[in-house]
Number of protein chains: 2
Amino acid sequence: MAKERNTEELIIEAAKKIFIKRGLAGARMQDIADEAGINKAMLHYYYRNKEKLFEIVFNEAFSKMMGRLGNILTKPMPLEEKIRMLVENYITNIAETPYLPIFVLNEINQQPEMMVKKISSQPAFPDIMLFMKEIIEAGKKGTIKEVSPVQLFMNIVSMCIFPFVARPLIQGVFQQDSVQFDMLIEERKKLVGDVIISWLKP
Amino acid sequence: MAKERNTEELIIEAAKKIFIKRGLAGARMQDIADEAGINKAMLHYYYRNKEKLFEIVFNEAFSKMMGRLGNILTKPMPLEEKIRMLVENYITNIAETPYLPIFVLNEINQQPEMMVKKISSQPAFPDIMLFMKEIIEAGKKGTIKEVSPVQLFMNIVSMCIFPFVARPLIQGVFQQDSVQFDMLIEERKKLVGDVIISWLKP
DNA sequence: CCTTTGTTTAACCAAATGGTTAAATCAAGT
DNA sequence: ACTTGATTTAACCATTTGGTTAAACAAAGG
């Protein structure tokens, strides 16, 4: 009955590559089939249609992008150390799949309603909520300056993700080749922490 | 001979709306024609083909996004004040056309080669280069901490632009309605300046 | 009035694209 | 060997889509 059970896997891997590169509108089913080295009909046999296939790819990409934040946030350690580790870890993780952010962000902007549904059904990011509470309490206690935890979060995530999203622009404007760009990113693993911590000093 | 000379303008306006909303791959020529309230053939009559039309829209969007930086950078004033004004002004400007950044960034990532060509032919952003020199000198003089001007620039632009690019995500995760989001942005006009300045304190 | 020249439209076209199907293939189970 | 049920393929289909064209229209100029 069952043949090689990895046709499904082949398809998903190929779909990831094509969708993330071209986006939902720009991706072609034929290209995904070619990338996987299989017949186009197999895509529909295993995953019904383009949207269903896209949904799987997108959900995984989305989880990957968000999940990387959580696992740091929960660990118990001094706040400053935690923020520094969060930044370093997050940048390192993104650098492994640098095209994920622009893909996820663009598709989200293409269908903002999807976001509302997806978020509403999800566990509401308890890690992030806990971290925000920690920030508020540290502010009241005087350990750090009192700041809006949402703004803090936006600042951290902005400085971690944006360089990857704007990579071709940055390389163009500042005339940086790929090696130089990677060095900038490496430097930011500490630098972004510095920026945030200096801002939070009471 | 000539009828209403604003058909060309109608087309451009419609093209902007559709391209910025859907991207190059997602935009449909028929939708642009409908938006402009004219016959589809007119698009080709005035602008040859989809790519030519897109190029016009993209170039204007790109210039708009970059140009907004320059006009602040050149004015002579104390560095701290200049940075604060730059941030406030840039955020205000982006807020007027909040969909431009994700559009420009996504299309750039879709065709990174185009970036190289476009940048190479442009005046190389002399405003930005001057500003970077000013940062280096202020660092040597001890007015501010010695930092990489490229990193400084990335930090500023990241915190200014990213919130707009990630808007649906931010609203979802932090359960912010549109009014609340606008308030966050308003707050950032000063806050981002604070973050940068505190980091630059010697 | 009629010619001329730029503008606009409806109809049309070929290629691309997402999706389907009927037949072929393959791997057990008997 | 034969049956059975899942898997795979080539050919096909309907729709969409970017682009074209021939004819209609409109506004001067003579």
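Note that the structure is a prediction, hence the values are computed from the model and not measured. Every chain is numbered from 1, with letters handed out A, B, ... down the list of sequences.
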Problem - Separation between CE of Met42(A) and CG of Leu10(A), rounded to the nearest 0.5 Å - result: 11.5 Å

Practice task
Among the candidates dT9(C), dT7(D), dG18(C), find the nucleotide nearest to the side-chain atoms of Met42(B).
Solution key: dT9(C)

Exercise for the section: Output all residues satisfying side-chain hydrogen bond (donor to acceptor under 3.5 Å, both in side chains) with Asp182(A), sequence neighbours left out; order by chain, then residue number. Expected result: none

Handout entry: Residue-phosphate contact under 4.0 Å: Arg28(A) side-chain N/O, dA16(C) OP1/OP2
Key = no

Completion exercise
Across all chains, not counting sequence neighbours, the side chain to side chain contact (heavy atoms under 4.5 Å, CB included) partners of Glu107(A) are Leu24(A), Phe54(A), Phe58(A), Phe103(A), Gln110(A)

Practice task
Using whole Å, report how far CD1 of Ile11(A) lies from C1' of dT7(D).
Solution key: 11 Å

Problem - Interatomic distance where CD1 belongs to Ile38(B) and P belongs to dC25(D) [whole Å] - result: 19 Å

Taking only N/O atoms, report every protein-nucleotides 19-22 of chain D pair under 3.5 Å with atom names and distance.
from	atom 1	to	atom 2	distance (Å)
dG19(D)	OP2	Lys50(B)	N	2.8
dG19(D)	N7	Lys40(B)	NZ	2.6
dG19(D)	O6	Lys40(B)	NZ	2.4

Practice task
To the nearest 0.5 angstrom, please state how far the CD1 atom of Ile170(A) sits from the OG atom of Ser158(B).
Solution key: 6.5 Å

Handout entry: Nearest-Å distance for atom pair CG/P, residues Leu43(A) and dT17(C)
Key = 14 Å

Practice task
Calculate the interatomic distance between Tyr47(A) atom OH and dT7(D) atom C1'; express it in whole Å.
Solution key: 14 Å

Handout entry: Gap separating the OG1 atom of Thr92(A) from the CD atom of Glu186(A), nearest 0.5 angstrom
Key = 7.0 Å

Problem - Length of the line joining Tyr46(A):OH and dG18(C):C1', which is rounded to integer Å - result: 20 Å

Exercise for the section: Go through the side-chain N and O atoms of Gln151(A) and Asn155(A) and say whether any donor and acceptor fall under 3.5 Å apart. Expected result: no

Problem - Phe19(B) CZ - dG18(D) C1' separation (whole Å) - result: 11 Å

Handout entry: Short side-chain N/O contact from Thr7(B) to OP1 or OP2 of dT7(C), under 4.0 Å
Key = no

Practice task
Look at all strands and tell whether Ala27(A) reaches a base, only sugar-phosphate, or nothing, counting heavy atoms closer than 4.0 Å.
Solution key: sugar-phosphate

Practice task
Whole angstrom is fine here: how far is it from CG in Asp31(A) over to P in dA16(C)?
Solution key: 12 Å

Exercise for the section: Name the closest nucleotide to the Tyr45(A) side chain, picking from dT17(D), dT7(D), dT9(C). Expected result: dT7(D)

Handout entry: Side-chain donor/acceptor of Gln176(A) to backbone N/O of Phe174(A), under 3.5 Å
Key = yes

Exercise for the section: Take atom CG of Asp34(A) and atom C1' of dT9(D), then tell me their distance rounded to the nearest Å. Expected result: 14 Å

